[in-house]
Amino acid sequence: MMRPPLLKRVVRESWRRLPPSDFLYNTGKMLTRTLLTPEKKSHPVQVEFAGRFPLPLDLRSFVGNDLYCLDHHYEASTLRLWRTLSAASQTILDLGSHIGTFALSAALDAPHARIFAVEADPENFRKLRDNCRPFPQITPCHAALSESGGSLWFCHEPGNDGGGFVTAKKPENAAIQCEPVQTVSLTELCRTHAITSIDLMKLDVEGLELEILGGLEDFWCAHAPRHVIVELTISKADRPRYAALFDTMARRGYRATRIQSLYALGFLKSESLANWHFERHSN
């Protein structure tokens, strides 16, 4: 492990002394995209994330740099809700778990719950698996979600280790790093792990949210989670499709609430990026 750069240490310690807020999260994001950008080379550090659990991070990583600098302000409103819902849950699915920040948090708040952390990115999965070792109630799963099983290519988004996409055909662009990954449907995931009911599910699956929330009727009929927290990117062109999605979820008995924006300066964007909470209030 290495010593973090001085300016990042100062910002982190300053942020940690303040109560978590979306304002400081958005301010911190502006800093990590200007003065506190990720390191050019690998820069591993070890932290106690939010003073709760050890988390190895790489400051070269887009997400790792945010987690280090922002600490407990990182997606503060979403994590606060996630912790509250986790504490009352017996079965939790963290789909698109990255290195496990949400899954590890849930493990502390719900020590008797079964937690399944699914991640498609091979490198992030290796980190997720290592981070989950002290928590036997977490089952890490290396797979990409799909409507059926099989094998696809996981392609990394250049410059953003928190992003990527899956595709049946490997891109011809040699600059895009791709690795094969097995796929699994949500129904098959539940069958494999004997999951009969789901209290809480998080979705951050790089563009597949529409297909999962708007389709997969067999899954929703059999396993409709009590709570769903999902990251949605909604552009002007996609608004009709998302309107249909919200209608579909309403027909299933869900009430939708916007938790927080994930853009520091959302008014400058042509699209919205936010976390949403769908709560099932009827059968």
Closest heavy-atom pair and its distance - E39, P5:
OE2-CG, 3.6 Å
Between R241 and D238, does any NZ, NE, NH1 or NH2 come within less than 4.0 Å of an OD or OE carboxylate oxygen?
yes
Judged by modelled atom types alone, do D199 and Q90 share a side-chain donor-acceptor pair under 3.5 Å?
no
Given the rule in the ring-ring contact (aromatic ring centres under 6.0 Å, His included) test, do H73 and Y25 qualify, once you have shown the distances and angles that lead to the verdict?
CA-CA 5 Å; H73 298 282; Y25 168 63; 8.9 Å; no
Salt bridge R255-E279, side-chain N to carboxylate O under 4.0 Å:
yes
Considering only distance and modelled atom types, tabulate donor-acceptor pairs under 3.5 Å from the side chains of residues 81-89, sequence neighbours left out.
residue : atom : partner : partner atom : Å
W82     : NE1  : F102    : O            : 2.8
R83     : NE   : D109    : OD1          : 3.4
R83     : NE   : D109    : OD2          : 2.9
R83     : NH2  : D109    : OD1          : 3.1
T84     : OG1  : R80     : O            : 3.1
S86     : OG   : W82     : O            : 2.7
S89     : OG   : L85     : O            : 2.6

May I ask you to test the L55-N131 pair for a side-chain heavy-atom distance under 4.5 Å?
yes
If you round to the nearest 0.5 Å, how far is CD1 of I212 from CE of M201?
7.0 Å
Walk me through it: do W153 and I176 pass the test side chain to side chain contact (heavy atoms under 4.5 Å, CB included)?
CA-CA 11 Å; W153 290 96; I176 300 178; over 6 Å; no
Heavy atoms of I138 and A107 approach each other most closely as CD1-CB, 3.8 Å
Report yes or no: does K170 contribute a side-chain atom to a donor-acceptor pair with the main-chain N or O of E179 at less than 3.5 Å?
no
Heavy atoms only: give me the nearest D71-F49 pair and the separation to one decimal.
O-CE1, 3.4 Å
For S61 and D58, does a side-chain donor sit closer than 3.5 Å to a side-chain acceptor?
no
Which pair of heavy atoms, one from N65 and one from L36, lies closest together, and at what distance?
ND2-O, 2.7 Å
Taking atom CZ of F246 and atom OG1 of T248, what is their separation to the nearest 0.5 Å?
11.0 Å
Kindly determine whether F116 and H193 satisfy ring-ring contact (aromatic ring centres under 6.0 Å, His included), including the steps that lead there.
CA-CA 9 Å; F116 300 88; H193 296 284; 5.0 Å; yes
N275 (side chain) donor-acceptor with I259 (main chain) under 3.5 angstrom
no
Any donor-acceptor pair under 3.5 Å from W15 side chain to L24 backbone:
yes
Heavy-atom check, side chain of E48 versus side chain of P54, under 4.5 Å
yes
In Å, rounded to the nearest 0.5 Å, how long is the span from CG of D94 to CG of D204?
8.5 Å
For the residue pair L70 and K29, establish whether any side-chain heavy-atom pair is separated by less than 4.5 Å.
yes
Test side chain to side chain contact (heavy atoms under 4.5 Å, CB included) on I198 and C190 and set out the steps.
CA-CA 9 Å; I198 301 166; C190 291; 4.1 Å; yes
Is the NZ or CZ atom of R12 positioned over Y68's six-membered ring, under 6.0 angstrom from the centre and within 45° of the axis?
yes
Going by heavy atoms in the side chains, are I99 and P56 under 4.5 Å from each other?
no
Decide yes or no on side chain to side chain contact (heavy atoms under 4.5 Å, CB included) for V118 and V205, but give the supporting numbers first.
CA-CA 10 Å; V118 180; V205 287; over 6 Å; no
Look at E217 together with R252 and state whether they make a salt bridge at an N to O cut-off of under 4.0 Å.
yes
Interatomic spacing from CD1 in I115 to NZ in K202 - rounded to 0.5 Å
12.5 Å
Smallest separation among heavy atoms of H72 and A50, with atom names
CB-CB, 3.7 Å
Spacing of CG belonging to L104 relative to SG belonging to C132, to within rounding of 0.5 Å
5.0 Å
Membership question, hydrophobic clusters at under 4.5 Å side-chain separation (ILVMFWY): are V63 and L35 in the same one?
yes
Find out whether R60 and P38 are in side-chain contact, i.e. whether some heavy atom of one side chain is under 4.5 Å from a heavy atom of the other.
no
Tell me, please, which residues at least two apart from H223 pass side chain to side chain donor-acceptor pair (under 3.5 Å).
none
Does L6 sit in a hydrophobic cluster with other residues, and if so which ones, taking ILVMFWY side chains as linked at heavy-atom separations under 4.5 Å, directly or through other members?
V10
I'd like to know whether CZ of R3 has more than 12 heavy-atom contacts from other residues, nucleotides or ligands below 6.0 angstrom.
no
Can you confirm whether the side chains of T139 and R114 place a donor and an acceptor under 3.5 Å from each other?
no
Measure from the side-chain N and O atoms of T37 to the backbone N and O of T34, and report whether any donor-acceptor pair falls under 3.5 Å.
no
Given the rule in the ring-ring contact (aromatic ring centres under 6.0 Å, His included) test, do W276 and Y242 qualify, once you have shown the distances and angles that lead to the verdict?
CA-CA 12 Å; W276 289 79; Y242 277 94; 9.2 Å; no
Is there a donor-acceptor contact under 3.5 Å from the side chain of E119 to the main chain of H98?
yes
Say you draw a straight line from CG of L232 to CG of L203; how long is it, rounded to the nearest 0.5 Å?
8.5 Å
Please lay out, stage by stage, how V228 and H277 fare under the test side chain to side chain contact (heavy atoms under 4.5 Å, CB included).
CA-CA 6 Å; V228 180; H277 174 210; over 6 Å; no
Is there a ring-ring contact (aromatic ring centres under 6.0 Å, His included) between F125 and F154? Walk through the geometry before answering.
CA-CA 12 Å; F125 175 75; F154 178 86; over 10 Å; no
Report yes if the side chains of L31 and C69 come closer than 4.5 Å at any heavy-atom pair, otherwise no.
no
Find out whether F219 and P225 are in side-chain contact, i.e. whether some heavy atom of one side chain is under 4.5 Å from a heavy atom of the other.
yes
So, are R126 and D121 salt-bridged, with charged N and O less than 4.0 Å apart?
no
Is the closest side-chain donor-acceptor distance between T233 and E271 under 3.5 Å?
no
So which atom in A76 and which in Q260 form the shortest heavy-atom distance, rounded to 0.1 Å?
N-OE1, 3.8 Å
